Amino acid sequence: MRPFTFERADDLAQAARLGLGAGQGQTNATVQFLAGGTTLVDLMKLDVLRPERVIDIGSLRGAYDSIDAGPSGLKLGALTKMSAVADHPAVLDGYPAIAQSLQLAASAQLRNMATLGGNVLQKTRCTYYRDSTWEACNKRNPGSGCAAIKGFNRNHAVLGVDETCISQYPGDFAVALIALDAQLELSGPQGPRRMAFAALHAPPSGQPHIETTLQSGEIITAFVVPPGPWNGRSLYLKVRDRASYEFAISSAAVALELEGERVRNVRIGLGGMAYRPWRSEQAEQTLIGKPLTEANAEAAAAVALTSAKTHGYNNYKPELARRTLVRALLQAKSMVPKREGA
Ligand SMILES: Cc1cc2nc3c(=O)[nH]c(=O)nc-3n(C[C@H](O)[C@H](O)[C@H](O)COP(=O)(O)OP(=O)(O)OC[C@H]3O[C@@H](n4cnc5c(N)ncnc54)[C@H](O)[C@@H]3O)c2cc1C
């Protein structure tokens, strides 16, 4: 590990001020916030992240760790522990996709330590990114190439990639958030602002080291899931190499509003497949107004994967994603919501 300075923020304004530094949102940022530390410390030990300053925001937890479910939707403080949200009755009943995405992530110990804000900002598990002895990684070492393209890319992304980076976004919670149209509350040196969660993660665009649209010193303070009749009939389905303590090779977050057999509204997020949290609005449009039959679910899944680009070892992924999505849609159709219209 390289030397760095460590400071503790007493309030949000101080955190924003201390957090000012070069490259916020980039893999080579000189300042990093420490929340649960389960991504940050790991990657500092691996010499992948090399901050000069680490700002502990754990002391802000009391102000930003609430879970509120009401008529204006679900609001989750960004410093809330993953385990607290995964086990919360209002989330389990009203927003099952959110609860399941967190229950199925990491291990009990990690979920007790890790925060929601840190979770959505976790880094790719690409081996070539995490092993700093590999020279060619545009994300870690801009302009150096992408070793994964011709390397062992079994777990790599097939959606939203370009030839500068095919790494996969690994998180689960973000897939549920993007499907449910979540908003972010942020606070920075310029004050508070709100933005769509979908706008947080940047596409590779030839510059994969730029990962998010966060501004210098900006902190995520909350996630807001808007109300909607589909929230109660939502689920997160995760497919992985082993049944626990493993990242997704494929996942789907779906939310349905049905009118008899017909789909009035549907939300679809895909995980384990894409460069960043992925919403498939085209697949949603394919289903709206139609009965949710297996054939219609398969047609929507085909649309969701039309732009897939594989690189050899990950050739199996589009078919796996189609099957995951069909299964998720049919399971959501047959579920009995505990709370309709959360
Ligand atoms: C072995 C292992 C298995 C795992 N399996 C899974 C899995 O199956 N599914 C899954 O989804 N995740 C998984 N994870 C990832 C884990 O969930 C994340 O490490 C964790 O959620 C990160 O949260 P944290 O609070 O510890 O973040 P930290 O490590 O403290 O921070 C991570 C990053 O986010 C930034 N940051 C943190 N909070 C904020 C904020 N509020 N505003 C702005 N920036 C912020 C930090 O600067 C840092 O860059 C796994 C991790 C490990 C180590």
Side-chain angles (χ1 to χ4, degrees), residues 4 6 9 12 15-16 18-19 21 23-46 48-51 53-61 63-65 76-86 98 100-125 130 155 168-177 184-188 192 200-201 211-223 236 238-251 253 269 271-272 277:
F4 60 90
F6 181 80
L12 208 53
L18 291 171
Q24 171 84 321
Q26 303 188 15
T27 48
N28 53 5
T30 55
V31 182
Q32 290 281 347
F33 294 115
L34 178 83
T38 62
T39 285
L40 179 62
V41 177
D42 216 12
L43 290 175
M44 286 171 70
K45 285 183 183 164
L46 291 170
V48 171
L49 293 182
R50 301 168 179 178
R53 199 175 343 143
V54 172
I55 315 298
D56 182 1
I57 55 172
S59 48
L60 310 182
R61 185 157 298 130
Y64 300 100
D65 70 347
L76 303 168
L79 286 164
T80 315
K81 298 292 174 80
M82 291 168 71
S83 52
V85 181
I98 295 277
Q100 291 156 8
S101 71
L102 292 162
Q103 281 159 4
L104 297 171
S107 63
Q109 290 88 342
L110 282 159
R111 293 192 295 272
N112 281 335
M113 192 74 200
T115 64
L116 301 183
N119 185 274
V120 299
L121 294 171
Q122 65 180 282
K123 312 289 179 188
T124 180
R125 309 300 290 190
R130 288 175 62 85
N155 290 331
Q168 181 211 117
Y169 177 81
D172 296 298
F173 176 50
V175 182
L177 287 176
L184 281 182
E185 290 186 0
L186 303 159
S187 184
L200 175 66
H201 293 89
E211 299 203 290
T212 72
T213 55
L214 290 177
Q215 293 163 9
S216 182
E218 211 164 37
I219 292 176
I220 302 174
T221 54
F223 300 88
Y236 184 71
K238 180 170 178 178
V239 178
R240 43 192 166 171
D241 284 328
R242 59 181 180 202
S244 81
Y245 198 19
E246 190 54 277
F247 289 91
I249 49 172
S250 172
S251 72

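Everything numeric in this text was worked out from a predicted model, so none of it was measured. Order of listing sets the numbers, starting from 1, for every ligand and every atom in it.
- Geometrically, ligand 1 and Y245 share no nitrogen or oxygen pair separated by less than 3.5 Å.
- Less than 4.0 angstrom separates some heavy atom of M82 from each of these atoms of ligand 1: 17 (O), 21 (O).
- Comparing F247, Y64, F33 against atom 3 (C) of ligand 1, the shortest heavy-atom distance belongs to F247.
- Here is the list of ligand 1 atoms found below 4.0 Å of a heavy atom in L40: 29 (O).
- Taking distance alone, with nitrogen or oxygen atoms compared against 3.5 Å, I219 stays at or beyond that limit from ligand 1.
- Residue contact check: G117 has heavy atoms under 4.0 Å from atoms 38 (N) of ligand 1.
- Set against the non-hydrogen atoms of A105, the atoms of ligand 1 under 4.0 Å away are 7 (C), 8 (O), 9 (N), 10 (C), 11 (O).
- The residue among T38, L110, I55 with a heavy atom at the shortest distance from atom 52 (C) of ligand 1 is L110.
- Of the protein's heavy atoms, I57 CD1, 4.0 Å lies nearest to atom 39 (C) of ligand 1.
- Of the polar atoms of T39, at least one N or O is found under 3.5 Å from an N or O of ligand 1, judged by distance alone.
- Ion pairing between a basic and an acidic side chain is recognised when a charged N comes within 4.0 Å of a carboxylate O; K123 and E211 show such pairing.
- Ranked by closest heavy atom to atom 12 (N) of ligand 1, the top entry among M44, Q122, M113, E246 is Q122.
- Looking at ligand 1, you'll find an N or O of Q32 within less than 3.5 Å of one of its N or O atoms.
- Rounding to the nearest 0.5 angstrom, the gap separating the CD1 atom in I57 from the CG atom in L18 is 11.5 Å.
- Note: no N/O pair closer than 3.5 Å links F173 and ligand 1 by distance alone.
- Going from atom CG of L43 over to atom OG1 of T124 covers 10.0 Å, rounded to the nearest 0.5 Å.
- Here the shortest heavy-atom distance to atom 27 (O) of ligand 1, taken over G58, G118, A106, belongs to G118.
- Heavy atoms of R240 come nearer than 4.0 angstrom to ligand 1 in no pair at all.
- Here is the list of ligand 1 atoms found below 4.0 Å of a heavy atom in A35: 25 (O), 30 (O), 37 (C), 38 (N).
- If you number the atoms of ligand 1 from 1 as listed, the ones under 4.0 Å from a heavy atom of G171 come out as 11 (O).
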